[in-house]
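In what follows, a structure is listed as structure tokens, so that the remarks can point back to it.
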Amino acid sequence: MRAATGFVARPEPRGMGRFAGGKQLLAGNFLFAGYHVEAPGVSVWDVESPSPEFEAALQAFDWLDDLAAVGDGPARMRAQAWLGDWIARYGSGRGPGWTPEIAGRRLIRWVHHGLFLLAGQEQAEAEAFFAVLAQQTHFLARRWLAASSGLPRFEALTGLLYAGLSLRGMEEHVGPAVAGLSRECDACIDAEGGLESRNPEELLEVFTLLTWADTALREAGHRPDMPHVAAIERIAPTLRSLRHADGGLARFHGGGRGAEGQLDQALAASGMRAGARGVAAMGYARLAAGRTTVIVDAAQPPSGPASRNAHASTLAFELTSGRRPLIVNCGAGGPFGPEWRRAGRATASHSTLSIEGYSSSRLGRGRRIAGGDEEILAERPAEVTVGRDEVPQGAGLLLSHDGYARTHGLVHVRRLDLSQDGRALMGEDSLATMTPAQRRQFDRALDHTGLEGVPVALRFHLHPDIDATLDMGGKAVSILLRSGEVWIFRAEGVPLALAPSVYLERGRLRPRPAQQIVLSLLQRQPASQFIWTLSKAQDSPVGIRDFATDDDEDRAVSPEGE
């Protein structure tokens, strides 16, 4: 096995580390995959991992970005000590971190922060560092195909490419890595620049890796293959379509908002200037006007292997005003355990219409956010439609899905119209039979309720930074954003209530309490309709006034308060 003898060129860090995260590590606060372990003065490898996800985050060395963001002497010494400890324990090629995707992520971080890790080290320590880098490179050359197609394989191949370009003696691996990336781009990135998982944050991770690989190739005097370049060109406008006014991504199908600044950095590195896509991007529809963005899940949930993190979110939407999210989905609950993961996938955890006790897709059994009753799940929608209208007063979407047709004979139709200035969103949500066969199925479902009616709820989950109160005798909801804006929600002829909700956010120790607006009725006729508006109060400020957040009491912080 050939050895690496040093770096071909001075490596440049490209990851986005968090200074506060680095200070937490130095204080012995280990926060990974939703778990918090306090172990001051203890090596990170002596921490007992509470979950496989926690262990994977440790082994991937993503935390190295945070220590490098601190960048001082104590941070460097801690990184070097933990690196040496890892080499002593796992450098033989055995242990939990020896999977292709984790090895790829780890190798990228070691190369990015090579100078940070080697500063002041003795010759023997440097030789051990390069020896284990070479060992991981040869491991990836043999095993990258064992990684699952999609993000895991992109991680493994990008790590292999980095090694071939950066390490003296590893040049033979550049060609196979380039060819492998090209094949994955053709296989995984569709014609519209999307992934089968329909996870916006996962698409951002893939895009970031492709831009890193592209930059590394060009800096080393190589030209990326055309499938690699074409994939970047397809993904960039899709990500712009999935981006809210505040710069964060829409949170659907297991994805979060993305690390602060990551999307900006990746788009800048790509050099792609194309704007957002038109009607749909990766199955999402977008409305934007003024300082307001609306992003709607306008396609079927992912199927097959890509469905592992799929949510029953068809026709759910999110709305952001300026830098402030307003209407959200609860998010992915995986970091908080299997029960929260199931809850986050249910239709009731999204801002859309649902039949109580049912989700709009068969995704596995789940649990309601409000209450612990097990849900009976309906069929995956066979058909989802989306159309767009451009009118002088603004723009609109007309969408539908038939996920409740088999169980109840009902089709959900949603109309959303955003005013030209972005200050008002008008909605109509209908649940109706469309065919004689659906009418007969609805009658059977109604009989099953003892003619009491099919329980229907329309939910609008609010971001936890929002203050919401019932006004006008319960006929409206006033929504106060921290920017000082006030939005008013109104509905016609339907009981309106505020109920507890949660906001599932990666990096937190526990779900954040929030609120949701709930409209409900018992449907006894073949058709029902909710008509509602969400509009900005006339005296709301146009500018943005940011307030210091006071919701960080559940974060793991260093003694200095970072």
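The residues of the chain are indexed from 1 along the displayed sequence.
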Legend entry - Gap separating the NZ atom of Lys475 from the CZ atom of Arg490, nearest 0.5 angstrom: 11.5 Å
Inset, instruction - Using a 4.5 Å cut-off on heavy atoms from C-beta on, say whether the side chain of Leu209 contacts that of Leu151. - result: yes
Inset, instruction - Could you tell me which non-hydrogen atom of Ser270 sits nearest to which non-hydrogen atom of Ile232, and how far apart they are? - result: CB-CG2, 3.7 Å
Inset, instruction - Taking Ser307 for its side chain and Pro302 for its backbone only, find out whether a donor-acceptor pair lies under 3.5 Å. - result: no
Legend entry - Electrostatic pair Glu505-Arg512, nearest N-O below 4.0 angstrom: yes
Inset, instruction - For the pair Thr292 (side chain) and Gly422 (backbone), establish whether a donor and an acceptor sit closer than 3.5 Å, ignoring hydrogens and angles. - result: yes
Legend entry - Those residues that, when tested against Asp421, pass salt bridge (charged side-chain N to carboxylate O under 4.0 Å, His left out) (two or more places apart): none
Inset, instruction - With side chain to side chain donor-acceptor pair (under 3.5 Å) as the test, would you mind laying out the steps for Ser400 and Thr385 before giving the verdict? - result: CA-CA 5 Å; Ser400 71; Thr385 67; 2.5 Å; yes
Legend entry - Electrostatic pair Arg506:Glu201 at N-O distance under 4.0 angstrom: yes
Inset, instruction - May I ask you to decide if Ala60's main-chain N or O and Arg105's side chain share a donor-acceptor pair within less than 3.5 Å? - result: no
Legend entry - Ser483 side chain to Arg323 side chain, donor-acceptor N/O pair below 3.5 angstrom: no
Inset, instruction - Measure the OG-OH distance between Ser313 and Tyr284 for me, rounded to the nearest 0.5 Å. - result: 6.0 Å
Inset, instruction - Write down the atom of Tyr35, the atom of Ser51, and the distance for their closest heavy-atom approach. - result: CE1-OG, 3.2 Å
Inset, instruction - For the residue pair Tyr404 and His401, categorise the inter-ring angle as parallel (less than 30°), tilted (30 to 60°) or perpendicular (more than 60°). - result: tilted
Inset, instruction - Say whether, by atom type as modelled, one donor and one acceptor occur between the side chain of His408 and the main chain of Thr433 under 3.5 angstrom. - result: no
Inset, instruction - Applying side chain to side chain contact (heavy atoms under 4.5 Å, CB included), run through Gln523 and Leu446 and close with a yes or a no. - result: CA-CA 8 Å; Gln523 182 165 338; Leu446 186 61; over 6 Å; no
Legend entry - Atom pair OG1 (Thr293) and CG (Leu242), whose distance is rounded to the nearest 0.5 Å: 11.0 Å
Legend entry - Point-to-point distance, once rounded to the nearest 0.5 Å, from CD of Gln515 to CZ of Phe460: 15.0 Å
Legend entry - Whether Arg251 side chain and Asn329 backbone form a donor-acceptor pair below 3.5 Å: yes
Inset, instruction - To the nearest 0.5 Å, tell me how far Asp417 CG sits from Leu398 CG. - result: 9.0 Å
Legend entry - Ring-ring centroid check His463 Tyr503, cutoff 6.0 Å: yes
Legend entry - Arg308, CZ atom: more than 12 neighbouring heavy atoms under 6.0 Å: no
Legend entry - CD/Gln529: more than 12 non-hydrogen atoms of other groups inside 6.0 Å: yes
Inset, instruction - Could you check Gln265 against Met16 for side chain to side chain contact (heavy atoms under 4.5 Å, CB included), going step by step and ending with a plain yes or no? - result: CA-CA 9 Å; Gln265 184 188 58; Met16 306 238 359; 3.5 Å; yes
Legend entry - Separation between CG of Leu203 and CD1 of Ile235, rounded to the nearest 0.5 Å: 5.0 Å
Inset, instruction - Could you go through the side chain to side chain contact (heavy atoms under 4.5 Å, CB included) check for Arg341 and Asn309 one step at a time? - result: CA-CA 9 Å; Arg341 179 176 179 273; Asn309 292 314; 3.7 Å; yes
Inset, instruction - Please examine the side chains of Leu181 and Phe154, heavy atoms only from C-beta on, and report whether any two atoms are closer than 4.5 Å. - result: yes
Legend entry - Residue pair Ser419 / Ala289: nearest heavy atoms and the distance that separates them: O-CB, 3.3 Å
Legend entry - Arg524 side chain to Glu452 backbone, donor-acceptor under 3.5 Å: yes
Legend entry - Exam field: side chain Gln441 to backbone Thr407, donor-acceptor pair closer than 3.5 Å: yes
Legend entry - Contact check, side chains of Asp389 and Arg415, non-hydrogen atoms, under 4.5 Å: yes
Inset, instruction - Start with the C-alpha gap between Phe32 and Glu53, add the side-chain angles, then the distance that decides, and say whether side chain to side chain contact (heavy atoms under 4.5 Å, CB included) holds. - result: CA-CA 8 Å; Phe32 300 114; Glu53 293 78 14; over 6 Å; no
Legend entry - Any donor-acceptor pair under 3.5 Å from Gln262 side chain to Gly258 backbone: no
Legend entry - Minimum side-chain heavy-atom gap His253-Pro301 below 4.5 Å: yes
Inset, instruction - For the pair His350 and Phe252, name the ring-plane relationship: parallel under 30°, tilted 30 to 60°, perpendicular over 60°. - result: parallel
Legend entry - Side-chain touch Asp214/His228, heavy atoms, less than 4.5 angstrom: yes
Legend entry - Ser478-Thr469 side chain donor-acceptor pair, cut-off 3.5 Å: no
Inset, instruction - Look at the rings of Phe489 and Trp532 and say which category their plane angle falls in: under 30° parallel, 30 to 60° tilted, over 60° perpendicular. - result: parallel
Inset, instruction - State, with a plain yes or no, whether a side-chain heavy atom of Asp297 is found less than 4.5 Å away from one of Val384. - result: no
Inset, instruction - Would you check if Thr320 and Leu326 make a side-chain contact, meaning some heavy-atom pair closer than 4.5 Å? - result: no
Inset, instruction - Could you check if a side-chain atom of Ile517 sits within less than 4.5 angstrom of a side-chain atom of Leu498, using non-hydrogen atoms only? - result: yes
Legend entry - Arg198 (side chain) donor-acceptor with Gln300 (main chain) under 3.5 angstrom: yes
Legend entry - Donor-acceptor pair, side chain of Asp402 and main chain of Ala382, under 3.5 angstrom: yes
